[in-house]
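Each chain gets a letter, A, B and so on, in the order its sequence line appears, and its residues count up from 1.
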Amino acid sequence: MRLNRELNHLLTDLEVAVPLADLEYPGADAAAIHEVCDALQFRTLRDKLLPLATDAGEASPETAPPVVVQTAGAVAAIAAMTGTVALHVDGRGGVDADAWALGAADAADAAWGVDLADLSPEDESTLGAWLADPNIAKVLHGAKDGWHALTARGWELAGIAGDTQIAAFLVNPDQRGFELEQILQRHLGLALESGPTAGELDLGLDGGGAHHAGQRAGERAAHVRTLAGVLEPMVDERGMGALYRELEIPLITVLARMEHAGMAVDRAHLSTLADEARARADRAAEDAYDALGGERVNLGSPKQLQEVLFERLGMPKTKKIKTGYSTDASSLHDLSEKAPHPFLTALLAHRDASKLSQIIETLAQAVQPDGRIHTTFSQVVAATGRLSSKDPNLQNIPVRTAEGHRIREAFVVGEGFDTLVTADYSQIEMRIMAHLSGDAALVEAFAAGEDLHRFVGSRVFGVAPEDVSPEMRSQVKAMSYGLAYGLSSFGLARQLGLPVGAAQALMDDYFSRFGAVRDYLRSVVEQARADGYTETIFGRRRYIPDLTSTNRQRRDIAERMALNAPIQGSAADLIKRAMLGVERRLRDEGLASRQVLQVHDELVIETAAGEQDAVENILREEMHAAGDLSVPLEVNVGTGADWRTAGH
DNA sequence: CACTGCACGTA
DNA sequence: CGTACGTGCAGTGG
């Protein structure tokens, strides 16, 4: 079959490109090599590996040196781990150069005729069999392009392959690095060069130059193999086995496909926006310089701005920060009211425009040769269980302003597809709060299906729903959302520009009508203090040791975390479940449409011709059915040729 | 070059 | 004195 032929071609060429005489394989396990090489149908490599494995003797798994493939920028570190295969090679950067130096990239480029987008886990081919394994799918599908599929994701693969990043995250989302080092030292007898670090799977194997890239990959792979056996039981002990195996692991494949799909971008539109923003920023900068009599201070330097504002211009002092007084937007606005000055106006305009220009420039730079932006999702960063997105972050694309809308217009439906459909949960966190607290009034509000903030406003202010003023509504809205973050009356007052007493009165009124919410918020902290962790609806735990700290500041912060984690985390669980459901439906119904982005409470799908209605139904149904709460999970769906239009 | 602090975008 | 993130820039220290 075509895939097999292409794959063999690829691997054979890679083998040729990297002289095997340069490789070393101390401690390779013979059975593993058989397994790996048979799976690869890579007979030549197997024949060369086996003698080396035999030489290494019969070391036990605990003491065996790692499987190592040592090449510079290697093309093929093949390690056997946890019943799967690691093809590795290098971390980000440096890889291409190394590979080119070896002449391997030529071979790979020539051989890589496989369009990953055409593959599915059902393929009865060697590659298809790999893809059925989420670990491998992550690497191949998750790659930014064909070449990188076998290169740049290397060490990440070492982690994913053993599922240890996710396991470690579930064991302790806040102290991954520390925990891992403890475990490693205990179970591997590994001498770590560095002290406890925050990074997951930082095995202290970095450094040493490109020459040892392959070796490091192999070492990581070997450690990960051991680590996986330690971490998974810990995940089970903590009651998250099901979450791990039935949610996080299957989600790997979904995320990998989304990364590989990416989002199409209108380059011309983006470049128009970039020009405009740059021009606006330049104009504002000139205005600012003029206001200072021509002096060209660096407007991007808070330090220089402090000197100008508070010393030269003698402006009133703003809120204190570590390095002096803040020059953030809210401070500058305050200053503008107290001490109007053309410099302030120009500075604010410059902030706005230059930030926008920076965002646009970063996006433009991230567009790949296929005309699309491929982000990388992480399941193991956010302590609450949310996903994160990086390189670039597509979860913080502007949306609130008109300029933000124009940026979202640059995210378009790609060639060969019909529309973008976006679906987002309506007030998901408030709904979760209603569910978790069981507050009868709040549950009733959602059951009634009316405007939540209007409903709550009418209760809080004791007026009919139609008599809730926009002012009342926005105050109630701010309070409702603030509650899930542990907002204080002081914070509410500051945000609403009210006296603290008035804010407190507002909160009192709120809780007199929705008393179960207050009871819940109190009880969740209390329970967390007793247990040491919080729990989401689906059993995701977040351990928060600082709840018993004698340090008031730390304890307060911990309490707000405890308050928020079940709410934010449950929302994350829900949308992850929905993503699995959507993916399954798309596949079962034989649709070509595909998920391309997740933004915490929103899913974006690129639909194929004729599938829009089906996709909308799938989104509604799967997002709705993601959880069985005491309030309905409502979903807003929109469609358009670009992300902005779809989002309206 | 690595790191910190600031500022600011999203949910 | 509101949770969760990622990124670019300036400034600092090596």
Side-chain angles (χ1 to χ4, degrees), chain A residues 173-174 198 206-207 297-306 318-332 347-348 350-352 354-363 365-366 375-401 403-404 407-408 424-430 433 478-496 500 503-504 521 534 542 544 552-553 556-569 571-572 575 597-603 643 647:
Chain A
D174 291 310
D206 285 326
V297 297
N298 186 341
L299 300 175
S301 164
K303 189 184 174 184
Q304 293 184 36
L305 289 178
Q306 285 180 39
T318 57
K319 75 181 174 200
K320 202 112 173 61
I321 54 174
K322 281 185 187 175
T323 56
Y325 300 96
S326 175
T327 67
D328 68 14
S330 76
S331 299
L332 295 179
L347 177 55
L348 280 165
H350 178 264
R351 275 269 173 80
D352 208 42
S354 61
K355 175 70 178 177
L356 218 51
S357 148
Q358 174 249 97
I359 290 171
I360 297 165
E361 191 45 54
T362 303
L363 285 176
Q365 192 254 333
T375 188
T376 301
F377 293 105
S378 174
Q379 292 166 272
V380 296
V381 172
T384 53
R386 274 188 175 181
L387 297 178
S388 74
S389 157
K390 61 181 285 218
D391 296 335
N393 181 358
L394 292 187
Q395 291 178 325
N396 72 342
I397 303 303
V399 68
R400 300 184 205 283
T401 63
E403 287 303 310
I407 293 179
R408 290 199 171 204
D424 64 279
Y425 279 117
S426 166
Q427 292 146 341
I428 185 69
E429 297 200 341
M430 283 305 293
M433 192 126 85
M479 187 159 45
S480 287
Y481 280 114
L483 287 178
Y485 301 146
L487 186 66
S488 64
S489 57
F490 182 93
L492 183 65
R494 189 163 53 82
Q495 185 181 319
L496 296 179
V500 175
Q504 184 60 56
L521 293 175
T534 63
R542 177 175 183 182
I544 307 179
R552 166 75 182 278
Q553 166 95 355
D556 283 352
I557 292 172
E559 288 183 356
R560 290 194 295 270
M561 290 174 174
L563 218 130
N564 176 257
I567 300 171
Q568 191 184 118
I575 196 165
L597 187 64
Q598 187 253 47
V599 191
H600 307 311
D601 68 352
E602 174 187 12
L603 287 179
W643 193 8

Can you measure from OH (A:Tyr481) to CG (A:Leu487) and round to the nearest 0.5 angstrom?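 It comes to 14.0 Å.
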Rounded distance [0.5 Å steps], CD in A:Glu429 versus CE in A:Met433: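 Here the rounded value is 8.5 Å.
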Identify, between A:Gln568 and A:Phe490, the residue whose nearest nucleotide on DNA chain C lies closer to the 5' end.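 So the residue in question is A:Phe490.
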Quick one: label [X] by what it contacts on the DNA or RNA (base, sugar-phosphate, nothing), any heavy atom closer than 4.0 Å.
X        : result
A:Lys355 : base
A:Arg552 : nothing
A:Leu483 : nothing
A:Asp556 : nothing
A:Ser326 : sugar-phosphate
A:Gln495 : base
A:Gly482 : base
A:Arg560 : sugar-phosphate

Inter-nucleotide P distance (C:dC1, B:dG5), Å rounded: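 Roughly 16 Å separates the two P atoms.
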I want to verify a distance call: between [options], whose nearest atom is closest to the [X] side chain?
X        : options              : answer
A:Pro398 : B:dA7, B:dC6, B:dT10 : B:dT10
A:Ser488 : C:dG2, C:dG11, C:dT3 : C:dG2
A:Gln358 : C:dG8, B:dG5, C:dC1  : C:dG8
A:Arg400 : C:dG2, B:dG9, B:dA11 : B:dA11
A:Thr362 : C:dT7, C:dT3, B:dC8  : C:dT7
A:Asp328 : C:dC5, B:dA7, C:dG11 : B:dA7
A:Ala329 : C:dG6, B:dC8, C:dT12 : B:dC8
A:Asp391 : C:dT7, B:dT10, B:dA7 : C:dT7
A:Tyr485 : C:dT12, C:dG2, C:dC5 : C:dG2
A:His600 : B:dA11, C:dC5, C:dT3 : B:dA11

Got A:Met430 and A:Leu483 here, is their nearest side-chain heavy-atom distance under 4.5 Å?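 Side-chain contact under 4.5 Å: no.
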Do A:Arg542 and A:Thr384 have side chains that approach each other closer than 4.5 Å (heavy atoms only, starting at C-beta)?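 Answer yes - side chains close enough.
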Tell me, please, whether A:Tyr325 has A:Lys319 positioned over its six-membered ring: NZ or CZ under 6.0 Å from the ring centre and within 45 degrees of its axis?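 No cation-pi geometry.
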Rounded to whole Å, how long is the line connecting atom [atom1] of [X] with atom [atom2] of [N]?
X        : N      : atom1 : atom2 : value
A:Gln365 : C:dT7  : CD    : P     : 12 Å
A:His350 : B:dC6  : NE2   : C1'   : 16 Å
A:Leu332 : B:dC8  : CG    : P     : 7 Å
A:Leu597 : B:dT10 : CG    : C1'   : 11 Å
A:Ile407 : B:dC8  : CD1   : P     : 15 Å
A:Met479 : C:dC1  : CE    : P     : 22 Å
A:Ile359 : B:dT10 : CD1   : C1'   : 10 Å
A:Ile321 : B:dC8  : CD1   : P     : 11 Å

Polar contact flag, side-chain donor to acceptor under 3.5 angstrom, A:Ser389-A:Gln395: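 Judged by distance alone, the side chains do not pair up.
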Any luck finding a side-chain donor-acceptor pair between A:Ser488 and A:Arg560 under 3.5 Å?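 Their side chains do not contain a donor-acceptor pair, so the 3.5 Å distance test is not met.
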With respect to the phosphate group of [N], does any side-chain polar atom (N or O) of [X] fall under 4.0 Å of OP1 or OP2?
X        : N     : answer
A:Thr323 : B:dC6 : yes
A:Thr327 : B:dA7 : yes
A:Asn396 : B:dC8 : no
A:Lys303 : B:dG5 : no

Distance criterion of 3.5 Å, no angle test: do you see the side chain of A:Arg386 paired donor-to-acceptor with the base of B:dA11?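 Flag set: donor-acceptor pair detected.
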